[in-house]
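Just so you know, residue 1 is the first one in the sequence shown, and it goes up from there. Source: prediction; values computed, not measured.
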Amino acid sequence: MLRCCVFLAALVLAAFTTMDARADRRVAFVMGNSEYREIPALKNPDKDAEDVSKTFRLAGFEVFTAKDLTRLQFEEQFRNYLAAADGADLAVVYYSGHGFQIGGENFLIPVDASLKDPADMEVQAIKVDDVLQQLRSRSKIQVIILDACRNNPFPRKDYWLRDQLIVAGGTGLAQLAGSQNTLIAFATEPGAVAYDGSGDLSPFSSAFSRRALAPNQEIRSVMSAVRRDVVKATNGKQVPWENSSLLDDVVLMRGEEQPAPPPDAQQNQQTAERGIQVAAAAEAIGNRDINVPVGVGPVPLELDLPTKDVPVSLKLASYPATGTLSLPDRVLPPQSSLMATEVDQLRYEPQIGQAAPVEVGFQIGAGKALKQATMKLSPSVDPCDQAAGEPLDLQGVGPGRLANEIGSGAVEACEAAVQAHPDVARFRYELGRALLAAGRNDDARKAIQEAADKGHIRAVFELGHIAAAGIGAAPDPAKANGFYAQASDKGDPYAMTALGRALFDGVGVQRDTGKGLDLLLKAAAMGHTNAMNDLALIFKQGRNGVPADPARALAFLRAGFDRQEAYSMAILGLSPKLDTPVVAVCTPKVVTKVITKVKVIRTPAPMAPPPKITTPKAPVVPPWRGGNAGDHDRSQSGGGDG
């Protein structure tokens with residue numbers, strides 16, 4: 001069975017030829033979409049994702065693994081990954097599933113996509129270039145691995161892209177242009193198809209997993225070996241291809257030697273003593289439950305063995321299901337060993353978005369004496385993140401709260417977090433949000449400025465909000481747009497929305513309708529419901545050269561509805577407090593610009609009569625004018641599964 005497998009790896013890589021005395025941060029996001037709902041399932045992607053995840057973990061990466069992602073699940077998990085990849089040396093994204101090109105743009109298809117209407121590509125699919133841009137703004141080294149299968153399997157072939165209705169054409173994925181120090185690799189040449197293969201894995205994924213673990217092999221040598229393997233496996237029908245602008249050597253699997261204990265000349269005489277030491281070490285480690293804060297970097301576990309005897313060593317018999325173990329000078333992949341003298345330096349960094357405890361198993365030995373020990377690591381979110389974290393913060397660690405949801409205890413919680421973690425810029429920003437909510441504007445501006453100076457991107461946007469709203473000074477749209485532009489360049493969806501709106505309407509900046517529309521579309525693609533509402537209004541009214549299209553407006557309102565956004569639901573005639581709907585059918589009147597008629601089928605209670613189809617009245621809400629990203633009580637739900 002033919003696949004349109006495109007394995008594109010985009011690596012924006014910083015110098016890798018010299019190693020300094022620290023553990024480089026390398027993070028991978030691996031996705032496999034097999035169980036599609038509107039089209040036949042694919043047999044390989046889930047297994048490809050499992051195999052590639054294992055490969056990257058063995059190579060020492062922190063790995064985020066996800067299967068059968070809906071669009072909303074992708075948004076949520078990709079944000080968690082971006083938070084982990086912030087400042088990373090190497091960031092990797094691997095995708096296996098449906099993907100195809102339209103108008104030279106490559107799209108990945110979530111499992112819940114239907115792609116029935118022209119606007120569905122914008123609200124249901126994932127643009128590869130958006131993913132690549134996000135990685136470029138966050139990490140020194142980026143790898144995107146896309147194993148995208150087949151041509152467009154959906155009946156519809158024409159979709160909206162920005163301001164044009166494009167007819168899908170060609171096969172495979174389109175060629176991508178990379179920036180400096182980038183590698184773009186395809187499972188086959190751009191525009192061509194590739195084979196599923198006869199096994200559980202695609203020929204390309206299988207070859208990559210095998211070749212990527214070759215010690216100390218530079219990535220271009222790895223890809224050459226992959227190409228030879230795939231050509232041989234497909235009898236020359238599939239030829240992997242890549243485009244490289246790398247300036248530095250990049251090695252995925254490092255073949256560094258682990259320190260070995262010196263020979264024990266008196267082992268026979270010391271057998272009993274070694275047994276006592278091993279048992280004491282196992283008792284010191286085993287049955288511990290260590291609380292580990294999320295989003296503050298690697299956390300020292302402060303293990304203290306009763307012996308520092310060099311011959312006593314520890315092997316990682318079972319690795320945490322999520323997160324990364326490390327020493328100050330290296331990441332510890334599964335099956336790593338360390339000496340007794342290194343145990344007190346052991347660190348763990350929990351995976352953002354994962355709250356479940358994980359276990360670490362050790363095999364402790366000296367000579368013939370062996371003992372097993374297991375300890376538990378329990379991730380915890382800081383009270384400051386819980387009280388004042390913000391939705392869609394790409395450096396955040398949780399779903400966040402709206403400004404008007406921040407409670408009275410947030411200031412104290414965030415002051416404690418800043419004191420405990422003075423180098424974590426996120427806590428200073430969240431302290432600023434808490435201070436704004438408490439009406440302490442001068443203190444808030446100071447905290448937010450400090451966070452921005454330390455590199456927190458949303459804090460830069462917030463400085464723009466302060467300038468636009470005139471908090472403590474006269475409103476200054478031009479100054480606000482300057483801050484928005486800085487944060488937008490770093491991928492912040494709030495800033496993209498604010499700057500996109502300003503550019504589209506020419507507020508405080510020279511009008512650029514095309515760029516403004518593009519920024520709003522990018523922000524909406526990241527799950528920002530204010531951008532969705534702005535786009536719905538633009539397409540409903542038709543202005544600044546953009547034609548009116550009620551169906552396109554409806555698509556963005558439905559996207560807001562999926563995220564339980566209050567204004568989107570109100571415009572659709574739905575109450576934000578509705579019971580969980582099973583199906584929402586939204587029908588615009590033909591040849592009008594007014595979106596009406598919403599039918600909702602609710603889930604019936606047990607033993608209740610069959611559900612009735614009703615048309616609920618819209619709640620009383622202020623007239624919607626597209627929102628304002630500078631509003632202090634921004635109505636952004638923060639995405640998620642809605």
To the nearest 0.5 Å, tell me how far Q124 CD sits from L72 CG. 10.5 Å

For V92, does its backbone N or O pair with a side-chain atom of Y81 as donor and acceptor, under 3.5 Å? yes

Shortest non-hydrogen contact between G396 and A83, atoms and distance: O-CB, 3.3 Å

Between D48 (side chain only) and S202 (backbone N and O only), is there a donor and an acceptor less than 3.5 Å apart? yes

Less than 4.5 Å apart, any side-chain heavy atom of L252 and any of F61? yes

Do you know the tightest heavy-atom contact between W160 and A119? CD1-N, 4.1 Å

Do D89 and R26 meet the salt-bridge criterion of a basic N to acidic O distance under 4.0 Å? no

Do the non-hydrogen side-chain atoms of T70 and E76 ever get within less than 4.5 Å of each other? no

With side-chain contact (heavy atoms from CB on, under 4.5 Å) as the test, would you mind laying out the steps for V111 and L69 before giving the verdict? CA-CA 6 Å; V111 296; L69 289 173; 5.8 Å; no

Electrostatic pair K67:E50 at N-O distance under 4.0 angstrom: yes

Take I166 and Y159 through the test side-chain contact (heavy atoms from CB on, under 4.5 Å) and record every step on the way to the result. CA-CA 5 Å; I166 304 293; Y159 300 98; over 6 Å; no

Salt-bridge present (R552, E122; N to O < 4.0 Å): yes

If the threshold is 4.0 Å, N to carboxylate O, is there a salt bridge linking D229 and R211? yes

Take D86 and Q395, measure what side chain to side chain donor-acceptor pair (under 3.5 Å) needs, and give me the verdict at the end. CA-CA 7 Å; D86 187 45; Q395 293 162 296; 2.9 Å; yes

CG/D112 to OH/Y36 distance, rounded to the nearest 0.5 angstrom? 10.0 Å

Going by distance alone, is a donor N or O of one side chain under 3.5 Å from an acceptor N or O of the other, for S568 and N533? yes

Donor-acceptor under 3.5 Å (R156 side chain, K116 main chain): yes

Under a 4.5 Å cut-off applied to non-hydrogen side-chain atoms, are Q134 and F78 in contact? yes

Audit row: D68, D46, side-chain contact (heavy atoms from CB on, under 4.5 Å) steps and yes/no: CA-CA 8 Å; D68 297 327; D46 281 0; 3.5 Å; yes

Does the plane of the ring in Y494 sit parallel, tilted or perpendicular to the ring in F461? Use 30° and 60° as the thresholds. perpendicular

Find out whether P391 and R401 are in side-chain contact, i.e. whether some heavy atom of one side chain is under 4.5 Å from a heavy atom of the other. no

Could you tell me whether the side chain of D120 reaches within less than 4.5 Å of the side chain of F154, counting heavy atoms only? no

Decide, yes or no, whether a salt bridge links E75 with R71 under the criterion of side-chain N to carboxylate O below 4.0 Å. yes

Heavy-atom distance under 4.5 Å between the side chains of R426 and V397, does that happen here? yes

If every non-hydrogen atom of F556 is compared with every non-hydrogen atom of M532, which pair is closest and at what distance? CB-O, 3.5 Å

Nearest heavy-atom approach of T497 to A523 is OG1-CB, 3.2 Å

Aromatic centroids of F100 and F107 separated by under 6.0 Å: no

May I ask you to check whether S209 and D51 show a side-chain donor-acceptor distance below 3.5 Å? yes

Between the side chains of R458 and E390, is the shortest nitrogen-to-carboxylate-oxygen separation below 4.0 Å, so that they form an ion pair? yes

K490, NZ atom: more than 12 neighbouring heavy atoms under 6.0 Å: no

In terms of heavy-atom contacts, K47 and K43 come closest through NZ-O, 3.7 Å

Decide yes or no on side-chain contact (heavy atoms from CB on, under 4.5 Å) for L90 and D24, but give the supporting numbers first. CA-CA 8 Å; L90 173 59; D24 290 327; over 6 Å; no

Heavy-atom distance under 4.5 Å between the side chains of E105 and L161, does that happen here? yes

So V131 and F74, do their side chains get closer than 4.5 Å, heavy atoms only? yes

Is the side chain of E565 donor-acceptor paired with the backbone N or O of Y567 at a distance under 3.5 Å, no angle test? yes

Reported CZ-to-CG distance for the pair F539 and D534, which is rounded to 0.5 angstrom: 10.5 Å

When rounded to the nearest 0.5 Å, the distance separating CE of M253 from CD1 of I219 is 13.5 Å

What heavy-atom pair brings D512 and K515 nearest, and what distance separates the two atoms? OD1-N, 3.1 Å

Between atom CG of L58 and atom OG of S53, what is the distance when rounded to the nearest 0.5 Å? 11.0 Å

Is there a donor-acceptor pair closer than 3.5 Å between any side-chain N or O of R79 and the backbone N or O of M526? yes

Gap separating the CD1 atom of I102 from the CD atom of Q164, nearest 0.5 angstrom: 13.0 Å

Are D549 and K540 within salt-bridge range, i.e. N to O under 4.0 Å? no

